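The chain is numbered in sequence order, starting from 1. On a predicted model such as this, the values are computed, not experimentally measured, just so you know.
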Amino acid sequence: MNNTPACRHRKSPRGWKPYVVGAVVVAALLASTACEPGAADGSDKGTASGRPSATSSPKPTETASPKPGGTPGNTGGKDGSGLVAACTAEDLAVSAVKEPADSKEARHLVITVQNAGDEKCSLYHYPLVRLGADAQTTVPVIEDSNLDPGTPVTIAPGEEAYAALLVSGGARDEYEAKSITLRLQGSKLGSNASKPLDVPMPVATLYADDGQLVTYWTTASGAALDFIMSK
């Protein structure tokens, strides 16, 4: 015998059912609306309020940099960098005279080079001089005669530069020299930058010895001579 009481379906009072259901639905809608973010103040936090205004940084001012190798105030030349090109054998007319002009011995000479070209050119360091066809070495330089170290001597068309040459210094091993040749140097000390130039002889024969000396290039012949006249 089943003692479980049968479930009885109670009937809602007549007239109440529509209102109860409606109240439940309205309450559910109000609850769900209250739980939505931003519903209380009407704002929509999921949407950006506005785009930030773009700000553009000003471009840095461009300044022109000087060309590498350029020397302010040094124009002309042939190397395209703004530097005056080195003199070549073709640019120069060469001569030599003894000092003083009426001396019986030709021990002190002034070598002169004139720019016979159409543009400025530069002479570096000192001439590489050989006295006589059989000379084994070039004439040593007087280091103190370098009046402006690191700076070449620049000559315009028609201008001259000078190097003083001491043919004999009273030392040993005297020999006869019937020719003078010189080579130009490049910017690197000791470099050969030209073919040999034949220097016209001021006398038929020079009596040279191992005391011979030469000076750096200069545009003042007197300054060059000062370094050898006392020797």
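- With hydrophobic clusters built from ILVMFWY side chains whose heavy atoms lie under 4.5 angstrom apart, Val110 does not share a cluster with Ile180.
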Verify side-chain contact (heavy atoms from CB on, under 4.5 Å) between Leu182 and Val199, making sure each step is shown before the conclusion. CA-CA 7 Å; Leu182 69 81; Val199 181; 3.7 Å; yes

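- Hydrophobic clustering, with ILVMFWY side chains joined whenever heavy atoms are under 4.5 angstrom apart, groups Ile142 together with Leu225.
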Candidate pair Asn192 and Arg183, rule side-chain contact (heavy atoms from CB on, under 4.5 Å), full reasoning: CA-CA 6 Å; Asn192 283 322; Arg183 287 179 183 266; 3.3 Å; yes

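- When every heavy atom of Tyr124 is checked against every heavy atom of Ser187, the shortest pair comes out as CD2-CA, 3.5 Å.
- Interatomic distance, CG of Leu165 versus CG of Leu213, reported as 8.5 Å (0.5 Å rounding).
- Remark: side-chain polar atoms of His108 are not paired, donor with acceptor, to backbone N or O of Pro100 under 3.5 angstrom.
- Closest approach of Cys121 and Leu92 over heavy atoms only: SG-CD2, 4.4 Å.
- Val214 has its side chain out of reach of Leu166: every pair of non-hydrogen atoms, C-beta onward, lies at least 4.5 Å apart.
- Closest non-hydrogen pair, Lys98 versus Ala101, comes out as CE-O, 3.1 Å.
- At a threshold of 4.5 Å between non-hydrogen side-chain atoms, the residues Thr154 and Lys120 count as touching.
- Heavy-atom minimum distance, Gly186 versus Ser191: N-OG, 3.0 Å.
- When the side-chain hydrogen bond (donor to acceptor under 3.5 Å, both in side chains) test is applied to Glu90, the partners found at least two apart in sequence or on another chain are Thr88.
- For the 3.5 Å distance criterion, the side chains of Arg130 and Thr138 fail to qualify, holding no donor opposite an acceptor.
- Leu83 is not connected to Leu189 by any chain of hydrophobic side-chain contacts under 4.5 Å among Ile, Leu, Val, Met, Phe, Trp and Tyr, and they are in different clusters.
- Of the possible donor and acceptor atoms, one in the side chain of Arg107 sits under 3.5 Å from a partner among the backbone N and O of Ser168.
- The CG atom of Leu197 lies 11.0 Å from the CG atom of Leu128; values are rounded to the nearest 0.5 Å.
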From CA spacing to verdict: side-chain contact (heavy atoms from CB on, under 4.5 Å), Thr112, Val97: CA-CA 8 Å; Thr112 303; Val97 296; 5.5 Å; no

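- Here the side chains of Lys178 and Glu176 are in contact, with some heavy-atom distance below 4.5 Å.
- Under the 4.5 Å side-chain heavy-atom criterion for grouping Ile, Leu, Val, Met, Phe, Trp and Tyr, Val94 is connected to Leu184 within one hydrophobic cluster.
- For the pair Trp217 and Val113, the minimum side-chain heavy-atom distance is below 4.5 Å.
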Could you go step by step and tell me if Asp210 and Tyr175 meet the side-chain contact (heavy atoms from CB on, under 4.5 Å) rule? CA-CA 9 Å; Asp210 56 5; Tyr175 66 95; over 6 Å; no

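- Closest non-hydrogen pair, Gln212 versus Val167, comes out as CB-O, 3.4 Å.
- Judged by distance alone, the side chain of Asn115 and the main-chain N or O of Glu119 form a donor-acceptor pair under 3.5 Å.
- A search for salt bridge (charged side-chain N to carboxylate O under 4.0 Å, His left out) contacts involving Glu143 returns nothing, not counting sequence neighbours.
- Environment of CD in Glu174: crowded, with over 12 heavy atoms of neighbouring residues, nucleotides or ligands closer than 6.0 Å.
- Across all non-hydrogen atoms, the minimal contact from Pro200 to Ser95 is CD-CA, 4.1 Å.
- Contact check for Tyr216 versus Ser145: side-chain heavy atoms found under the 4.5 Å cut-off.
- Side-chain contact between Val84 and Ser122 is present, with at least one heavy-atom pair separated by less than 4.5 Å.
- Looking only at distances, no side-chain donor or acceptor of Asp198 sits under 3.5 Å from a matching main-chain atom of Thr181.
- Taking the side chain as every heavy atom from C-beta outward, Ile228 and Thr215 approach each other to under 4.5 Å.
- Annotation: side chain of Pro202 is in contact with side chain of Leu109 (closest heavy-atom distance under 4.5 Å).
- Hydrophobic clustering (side-chain heavy atoms under 4.5 Å, transitive across Ile, Leu, Val, Met, Phe, Trp, Tyr) groups Tyr162 together with Met229.
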